[in-house]
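So the structure is just underneath, and the comments pick up after that.
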Amino acid sequence: MYAALSICQDVCLPATLCAGELVRDGLPDAALFSLADMARKTLEEQRGGPAANPSRPASGDPLSLPCGVRVIYLENGRIVSDGWSNQANLLQNARLAAMRALNVKAPAKEAPVACLVEVTLPAKPLGKNGFFAAKKLDTGRQGMHITLGEKDVWLYASDFLVKGRSVSSLTEDACSSLGAKPQDVVDERLKFEVYDAAMALSLPDAPPVRLYRGGKLFDISQLDRAAVDAALTRARQWYVANRQEDGAFPYVYHPQSDEAKDDDDSQVRRLFNLAALGMLYKANKDAEIRDFGSKALDLVLKDYADDVQKPWGYIKDGENVRLGSAAAALLAIIRLDLLETKGRQAERLAAFIEGMRQEDGSYSTFFLPYGKQGSEDYYPGEAQLALMEWYAARKDAWAITGVSKSLDFYRTYFGKSMSMPMIPWHTQAYVKLHRVKPSPTLADFIFRMNDLLVSAQQRGRDIPEDCRGQIVNPQKRGGNAHVSGTGVYVEGLADALALARELGDSARIDRYRTALIWAMRNLIQFQIKDGCDTWCMPNSAKAVGGFRSTLENADIRIDNMQHCVCALLKARAVLADADYRDIAEAEARDKKQAAAK
């Protein structure tokens, strides 16, 4: 309805909003937890427990602030009732909001109930172009109030988390509920206010926790080998829980609605997911995971075909035959130890990859439709990696010759494009090549690529705590905080760190391991781990272990799993216990110095 207005979208939200001297992240945990306790005690009172009468907070106590409070009661990830109050101080508002929620509908008496408390700090009007600025709201950390004449609607920060929908779609729905027309936006009759929010969650028989965008903060001090192993165990759990009857995995699982979706399905991503299962299998000789991967691969290989003129094989995907599909399928066969049964197909896939190489060393990225190009930042590096793993498996010298021929072309390509997406794929391939044919020039190229990658990591104190460690492609407008992006960058960076160790490059060892550990912190932040993440998800068994697409979007896409599993496995192999301790201690010192200032 409002698409025609998109010409005005390049606008920004205001800076963090204040309640007196208190901003969202400055609200003490103790104050938030007191509010969550009040919501819990009010529920227990309704169930026959003792009265939960709030005492009057002392002057200067954060609980005395005149801020609104929303209380939500949930059973099995679904809202039972909610209430909001802004009539008094924080503690009294928590009590009033809880009573209003329970007066609407009380949860079943014996049901385990999650209580969410959202503090709504004073709102600030957005002014001109407010409709477009509001759609850039910080999901899970901000909410909005929309008015049109005498009518109004609230979109609470927690609404975006519970409903699992984008800010844009919920904003447009809210405007439509007010009867707004596009002209109301143009004429500025539609008014927007945005507020900062702080949240705490109370689960049964557990102390309250502070939420960041709907999940608990995973601190760098918690990261060690045991935490990585636990993340991999949860990922395996996700695969077991989400395997479908035909042996495939959902392309996207939406945990807030408990629905699997195959919209915008990608054959390449599905195949690379099976290559990731191969790595997971090899890490522990996990026969069940190998069986999962093998059966899912058989489904895709139904679209395998031999070329009628050349000794090639390829994977068809409708009218498309992609270089990336052949590379991913070859990697899956090798990593799942299926060469004995699928050796002929593997040989022909490898020959196809080599046949797609042009005289100048570049690759044609599509075989069909003829002349089609695309994904130049991805498929060639994937092809180079597949041929290096083919060489490791079969020692065919032509694979080394071919990869070396393409190296010069893509070194020049990178020098012109400075493309970040190509870095991890080419890094993984060329570190393997360097071990076969050591070359200072090749090592310099690998390090030049990964120096750029490390420079794009966001971990400064100006970055929100739950975002620290993400690696963002600066070439993409607005940045790219998708978990698959940080995941694939870690895959290459782990190999670059290994090479730096082999060559004794101490400066890069320190720089790369620091970036690697912070990136792993970010990946585990993205993982759905326990009730602190699944409180708004009706089927926690299918959600736990998955990696959400972004901190704002909990959709679990299959390449999220692929890249994060590979990243954690590869990083785990190159990091020692001392590496984790060193980085955690350095962060503790930095935090102490920052507090002293």
Side-chain angles (χ1 to χ4, degrees), residues 13 24-25 27 32 35-36 39 68-84 97 101 113-121 123 134-146 153-174 194-203 208-218 252-259 464-467 481-483 525-540 542-544 546-557 560:
L13 286 170
R24 168 185 57 209
D25 296 329
L27 187 62
L32 266 178
L35 303 180
V69 177
R70 186 192 193 196
V71 172
I72 305 175
Y73 294 109
L74 305 99
E75 289 181 33
N76 299 318
R78 304 290 193 196
I79 292 181
V80 176
S81 59
D82 71 293
W84 180 69
V113 175
C115 305
L116 182 79
V117 169
E118 174 186 339
V119 175
T120 60
L121 299 180
K135 291 166 79 170
K136 296 186 178 183
L137 173 142
D138 192 357
T139 305
R141 290 165 63 82
Q142 291 180 315
M144 70 176 82
H145 180 220
I146 310 171
V153 62
W154 284 87
L155 280 177
Y156 296 100
S158 46
D159 285 336
F160 299 98
L161 303 173
V162 174
K163 296 176 182 178
R165 291 175 54 200
S166 70
V167 173
S168 180
S169 66
L170 284 176
T171 302
E172 292 190 7
D173 283 357
V194 170
Y195 69 85
D196 284 338
M199 295 187 205
L201 177 70
S202 170
L203 296 173
V209 296
R210 189 183 197 112
L211 295 187
Y212 291 78
R213 265 178 276 269
K216 186 179 177 182
L217 181 68
F218 182 77
V252 176
Y253 175 69
H254 184 67
Q256 282 100 333
S257 64
D258 188 26
E259 293 177 335
E465 287 288 326
D466 54 342
C467 297
H482 201 284
V483 71
Q525 180 75 57
F526 274 84
Q527 191 178 41
I528 298 169
K529 295 176 280 296
D530 53 30
C532 294
D533 298 301
T534 63
W535 58 272
C536 57
M537 301 172 185
N539 192 341
S540 60
K542 283 195 169 185
V544 167
F547 291 87
R548 61 181 78 225
S549 292
T550 69
L551 291 173
E552 299 87 359
N553 176 5
D555 283 0
I556 302 166
R557 207 170 68 189
N560 301 356

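In what follows, residues are counted from 1 in the order of the sequence shown.
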| By side chain to side chain contact (heavy atoms under 4.5 Å, CB included), which residues pair with Val167, not counting sequence neighbours? | Leu137, Thr139, Met144, Phe160, Thr171

| query | If you take all heavy atoms of Thr534 and Ala543, which pair is closest and at what distance? | reply | CG2-CB, 4.4 Å

| Over all atoms of both residues, closest heavy-atom pair of Cys532 and Leu201 | CA-CD2, 3.9 Å

| note | Rounded to the nearest 0.5 angstrom, the NZ-OG distance for Lys135 and Ser169 is 9.5 Å

| Side chains of Leu32 and Pro208: does their closest heavy-atom pair fall under 4.5 Å? | no

| Is there a side-chain contact between Arg210 and Leu27 (heavy atoms, below 4.5 Å)? | yes

| said: Which residues pass the side chain to side chain donor-acceptor pair (under 3.5 Å) test with Ser549, not counting sequence neighbours? | reply: Asn560

| Can you check side-chain contact (heavy atoms from CB on, under 4.5 Å) on Met537 and Lys542, steps first, answer last? | CA-CA 9 Å; Met537 301 172 185; Lys542 283 195 169 185; over 6 Å; no

| Residue pair Ala114 / Leu203: nearest heavy atoms and the distance that separates them | CB-CD2, 3.8 Å

| message | The criterion is side chain to side chain contact (heavy atoms under 4.5 Å, CB included); which residues satisfy it with Ser202, sequence neighbours excluded? | response | Ala36, Arg40, Cys115

| query | To the nearest 0.5 Å, what is the distance between CG (Asp196) and CD (Gln142)? | reply | 5.0 Å

| Pair Arg557-Phe547, side-chain contact (heavy atoms from CB on, under 4.5 Å): steps then yes or no | CA-CA 8 Å; Arg557 207 170 68 189; Phe547 291 87; over 6 Å; no

| query | Taking C-beta and beyond as the side chain, do Gln256 and Val162 meet within less than 4.5 Å on heavy atoms? | reply | no

| Distance in Å, Cys467 SG paired with Asp138 CG, rounded so as to fall on 0.5 Å steps | 7.5 Å

| With sequence neighbours excluded, residues passing side chain to side chain contact (heavy atoms under 4.5 Å, CB included) with Ala157 | Glu118, Tyr195, Ala197, Met199

| said: Applying ring-ring contact (aromatic ring centres under 6.0 Å, His included), can you list everything that pairs with His254, at least two apart in sequence or on another chain? | reply: none

| query | Are the side chain of Glu552 and the backbone of Leu161 linked by a donor-acceptor contact shorter than 3.5 Å? | reply | no

| field | Closest non-hydrogen atom pair between Val71 and Ala39, with its separation | value | CG1-CB, 3.9 Å

| remark: Residues passing the side chain to side chain donor-acceptor pair (under 3.5 Å) test with Trp84, sequence neighbours excluded, are Thr120

| remark: Smallest heavy-atom separation, Ile528 atom then Pro255 atom, equals CD1-CG, 4.4 Å

| For Lys529, side chain to side chain contact (heavy atoms under 4.5 Å, CB included) partners two or more places apart | Arg234, Ile524, Gln527, Asp533

| note | Residues passing the side chain to side chain donor-acceptor pair (under 3.5 Å) test with Tyr253, sequence neighbours excluded, are Asp258

| Euclidean distance, Leu116 CG relative to Ile79 CD1, rounded to 0.5 Å | 8.5 Å

| Ile72 vs Tyr156, side-chain contact (heavy atoms from CB on, under 4.5 Å): CA-CA, chis, key distance, verdict | CA-CA 11 Å; Ile72 305 175; Tyr156 296 100; over 6 Å; no

| Gap separating the CG atom of Asn553 from the CZ atom of Arg548, nearest 0.5 angstrom | 9.0 Å

| remark: Contacts satisfying side chain to side chain donor-acceptor pair (under 3.5 Å) that involve residues 74-83 (not counting sequence neighbours) are Arg70-Asp82

| said: The criterion is salt bridge (Lys or Arg N to Asp or Glu O under 4.0 Å); which residues satisfy it with Arg165, sequence neighbours excluded? | reply: Asp173

| Listed partners of Asp466 passing side chain to side chain donor-acceptor pair (under 3.5 Å), at least two apart | Arg213

